[in-house]
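Accompanying notes for the structure given below.
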Protein chains: 2
Amino acid sequence: MKESLIAEFRSIVGKENVLTSSEALKAYSYDGTTNWIREPDVVVFPTTASQVSAVLKIANKEKIPVTPRGGGTNVSGGSVPWLGGVALVMTKMNKIVRIDKENLTATVEPGVVLQDLTLRIAKDRLFFPPDPQSFLGATLGGIISENGGGPACVKYGVTKQYILGIEVVLPTGEIVNLGGRTLKNVVGYDLLHIFISAEGTLGVITKAELKLLPIPPVKKTIMAVYDDVAAAGESVYRVLENGVIPDKIELLDNWVINRIEEMMPIGLPKDADAVLLFECDGISEAVAKESEQIAETTKKYGAREVRIAKDDEDAAKYWMARKAGFAAVYGKAKTVFAEDVTVPRGKIPDLINKCKELAKKYDVEIIVLGHAGDGNLHPAILTDINNKDHYDRSVKAMHEIIEGAVELGGVLSGEHGIGLEKQKFFDKVTDPVVVNMMKGIKSLLDPNNIMNPGKIWD
Amino acid sequence: MKESLIAEFRSIVGKENVLTSSEALKAYSYDGTTNWIREPDVVVFPTTASQVSAVLKIANKEKIPVTPRGGGTNVSGGSVPWLGGVALVMTKMNKIVRIDKENLTATVEPGVVLQDLTLRIAKDRLFFPPDPQSFLGATLGGIISENGGGPACVKYGVTKQYILGIEVVLPTGEIVNLGGRTLKNVVGYDLLHIFISAEGTLGVITKAELKLLPIPPVKKTIMAVYDDVAAAGESVYRVLENGVIPDKIELLDNWVINRIEEMMPIGLPKDADAVLLFECDGISEAVAKESEQIAETTKKYGAREVRIAKDDEDAAKYWMARKAGFAAVYGKAKTVFAEDVTVPRGKIPDLINKCKELAKKYDVEIIVLGHAGDGNLHPAILTDINNKDHYDRSVKAMHEIIEGAVELGGVLSGEHGIGLEKQKFFDKVTDPVVVNMMKGIKSLLDPNNIMNPGKIWD
């Protein structure tokens, strides 16, 4: 990149907000995984929307790639500056601008970390329901751009259902507001949703209006233990079918249970094929009744044992275990494929059985865990890119998991996005007419293809 | 329209499904109001997506306007064939294709009437939360195309939150599927939402996958009576702020209360300035607790009296009254302006006071009623287009109500859409850059501007 351009960026955002050292370029070259590494030419930290606008105007004129980035916790390559250019790091735009208790909304800048928001609004007994498990580092701009999910989506839905409006800087530098501050809003086409889950390829979100909810007074955690992971899968939809909507339903298989017990023994049943973790929330009477119903239903459909957490501390242990289970998957091998497939809930047992078959067929271990309550599983395969034979078999198995999910009426990504990771599958499973519509919108809004180029499709 | 084209339509959908009689053209010339009347050249009833595709291919080639239409219950002119051409009436595509109890979803054709769906899925103890009050005639295709709302949106949100996927025929005749059958789905741009609330200007929805919920076991209705309508407005957000989310919060002012008592006396307080009707749903213990909390909060913030419906029959009377209240507004004058403004909930008292001021300023009666729980009010002005002086004053007052709502951080339409009614306001309040983005998407998908032309913008 020309030194004169870097000087222009310095004059826009200030000298201290432009980095070009090799350490800085390295630091912003990868995402929450290290599966893809590509250095930007320059790292820019804007602090206002008009600075973002000025940077984009230059980039658009000079046709320089711009990859927006929040906490960099994403796992499908979305924030990796794949074609170099500017890494536009939004973490300094991290103000909680307003909490409107009367309207149950918050106005935030994109660099606000989810956990910081959670702690701040808890003082007003409010919460933001989407709960991607990267909440300690993930920022709202990224969560919106990836339409983040998490365990609590079973009851509360995904990020897009809690975004009322955004301020966004278009690739051409115009600053526009889409949506608004009200839930009901039918004023022309719903452009807001085009930017949610666009993975930063259409513009840079510089402010967002979030819908909040009152914190439920009581939560209760229930664990159901199974000798057959597919039976656990069936219990998921039997509980829902029976009229109970817990806020979370998570599945951990035998492998995950045992890794957790190695790391932090909390008395999980090491011989179980799987456990389901449920959480109910609401007023205490409702939660008590729902817990009973969950215990009944899960026993009826094959749980050999049901435990109800005796207090909040006990419950916290289970959820810590679940979080550790996820971490264990990533820590246990040189190369990890952690899928993000999602199927209609009734098809969870089929998907689990498919994983079992493929494990045998390709002689690899396939771990099953994830947000079973909304059909969103993260089957994982541990392999090593340097062990060609094992790696190739793992790749084949993973491909068939994705194809299997799509055949079952599901999708190839529930909450992680396409990014770099899923491009070849995206092309394979998406109707070319639909891809062309998406590409048409991309050309319309970003004629010079400067925003996060190289992502979603090639 | 050339007779040869009509013959082509007949060969596609069958002779019995093409109407050209003057009665038929008249019957499909207006919407749920009679504010806009324009006859189509031909009325076509497709029964399959491929028939829709064949009709659109011809229309696209011949550049003939096509206005899709369901039950025709909309109130902003959306389904009026403003530039003639084809009225594409979807009411014969009215099959409920599948009810998936395991996945809590239903697959429906666009002509299914909401009430028919409600009755059918109630057999499986399921419901579709959005509840536009035109449910006896409104069809799912139209509800999706207008992103319909209703009273229950306070707790459950609007239509778009319950649409997982659609099959849509593009103006060029291609049949595509957008979204899918799962809640979590991040596979490229969210094109699904562009079609939701596009008012039929981008394509024809031929199938939809709906998210359903289990029917809550118990409901309870609470009425709070006020001597000051603005205090009622304040109670709305005080109740929510206090952590209770009823499924409905409706506001009726003194005029509406008295019209109801004339039509069907049920003992509403005729001297009250306003009443709020709340409905809570859930398990009985939760509903009992929430009702108490509502009674406490409303009394604290100015309710002079609170009544709790003693049983379901009693509750039904209140809700029948509310429905009659709406009907009364339309029945009481030759010309009715019924607004659809929406403001952040904390601004409801300001909006109500603004209506009071404008009533004085222009010497017209402004009735206030609507879905106060989500800030969506329908202030109404009764006038007569033949009384020029009164009509002009009414128009001015209505314009200022809309401007006032926008100034308060709200929007000009919460659930009725722009259609023909709000075009001039749409242009006035919408950023031209945003309008251009919308027009760009329109040109991209409908290059010959055949789909419902003349709507949203001019």
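These numbers come from a predicted model, not from an experiment. Every chain is numbered from 1, with letters handed out A, B, ... down the list of sequences.
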Residues 163-170 of chain B vs chain A, non-hydrogen distance cutoff under 4.5 Å, contacting residues -> B:Leu170
Most contact-rich option vs chain B, by heavy-atom pairs under 4.5 angstrom, among A:Thr430, A:Asp190, A:Thr105, A:Ile196, is A:Asp190
So which of A:Glu290, A:His371, A:Lys160, A:Glu146 has the biggest tally of heavy-atom pairs under 4.5 Å with chain B? A:Lys160
Is it the backbone or the side chain of A:Ile175 that comes under 4.5 Å from a heavy atom of chain B, or both, or neither? backbone
Name the option with the most non-hydrogen atom pairs under 4.5 Å to chain A; the candidates are B:Asn376, B:Asp124, B:Leu192. B:Asn376
Using a cut-off of under 4.5 Å for heavy-atom pairs, which of A:Ala286, A:Gly410, A:Gly282 has the most such pairs with chain B? A:Ala286
Could you check whether any side-chain N or O of B:Asp431 sits under 3.5 Å from a backbone N or O of A:Val176, counting only pairs where one atom can act as donor and the other as acceptor? no
Segment of A:Lys289 engaging chain B (4.5 angstrom heavy-atom cut-off): side chain
Region of A:Ile348 that comes under 4.5 Å of a non-hydrogen atom in chain B: neither
Without swapping roles, check the side chain of B:Asp340 against the backbone of B:Glu415 for a donor-acceptor pair under 3.5 Å. yes
Given A:Asn436, A:Asn147, A:Ile215, A:Leu202, the one with more heavy-atom pairs under 4.5 angstrom with chain B than any other is A:Leu202
Does A:Glu102 use its side chain to pair, donor to acceptor, with the backbone of B:Tyr237 at less than 3.5 Å? no
Test item: B:Gln423 and B:Asp427 side chains (from C-beta on) under 4.5 Å apart, heavy atoms: no
Within-4.5 Å side-chain heavy-atom neighbours: B:Arg98 and B:Arg181: yes
Of the listed A:Thr201, A:Val158, A:Leu191, A:Val154, the one with the largest count of heavy-atom pairs under 4.5 Å with chain B is A:Leu191
Mutual orientation of the aromatic rings belonging to B:His378 and B:His416 [parallel < 30°, tilted 30-60°, perpendicular > 60°]: parallel
Measure the shortest side-chain to side-chain distance between B:Pro344 and A:Thr182 over non-hydrogen atoms and say whether it is less than 4.5 angstrom. yes
Segment of A:Ile441 engaging chain B (4.5 angstrom heavy-atom cut-off): both
Taking 4.0 angstrom as the limit, do A:Glu241 and A:Arg238 come out as a salt bridge? yes
When B:Glu285, B:Met437, B:Met438 are compared by non-hydrogen pairs under 4.5 Å with chain A, the top option: B:Met438
Could you look at A:Val343 and say if it's the side chain, the backbone, both or neither that has a heavy atom under 4.5 Å from chain B? backbone
Measuring only between side-chain heavy atoms, which start at C-beta, is A:Leu213 closer than 4.5 Å to A:Phe127? yes
Consider only side-chain N and O atoms of B:Glu209 and B:Thr107, and report whether a donor and an acceptor are under 3.5 Å apart. yes
Are any side-chain N or O atoms of A:Asn103 and backbone N or O atoms of B:Arg345, one a donor and one an acceptor, separated by less than 3.5 Å? yes
Against chain A, work out which of B:Val186, B:Leu445, B:Val236 has the most heavy-atom pairs shorter than 4.5 Å and name it. B:Val186
Do you know which of A:Ile194, A:Leu126, A:Ile456, A:Leu178 has the most heavy-atom pairs with chain B at a distance under 4.5 angstrom? A:Ile194
Tell me yes or no: between the side chains of A:Tyr301 and A:Asn242, is some donor less than 3.5 Å from an acceptor? no
Report yes if some heavy atom in the side chain of B:Val406 is under 4.5 Å from a heavy atom in the side chain of B:Lys428; otherwise report no. no
Test item: B:Lys184 side-chain N/O and A:Val341 main-chain N/O as donor-acceptor pair under 3.5 Å: no
Applying a strict 4.5 Å limit to non-hydrogen atoms, the region of A:Phe425 in contact with chain B is neither
Honestly, the part of A:Tyr189 sitting under 4.5 Å from a heavy atom of chain B is both
Contact leader toward chain A among B:Ser284, B:Gly417, B:Gly180, where contacts are heavy-atom pairs under 4.5 Å: B:Gly417
Heavy atoms from other residues, nucleotides or ligands near NZ of A:Lys347 exceed 12 (cutoff 6.0 Å): no
Please state whether the side chain, the backbone, both or neither of A:Leu240 comes within less than 4.5 Å of a heavy atom of chain B. both
Portion of A:Asn177 that has a non-hydrogen atom of chain B nearer than 4.5 angstrom: backbone
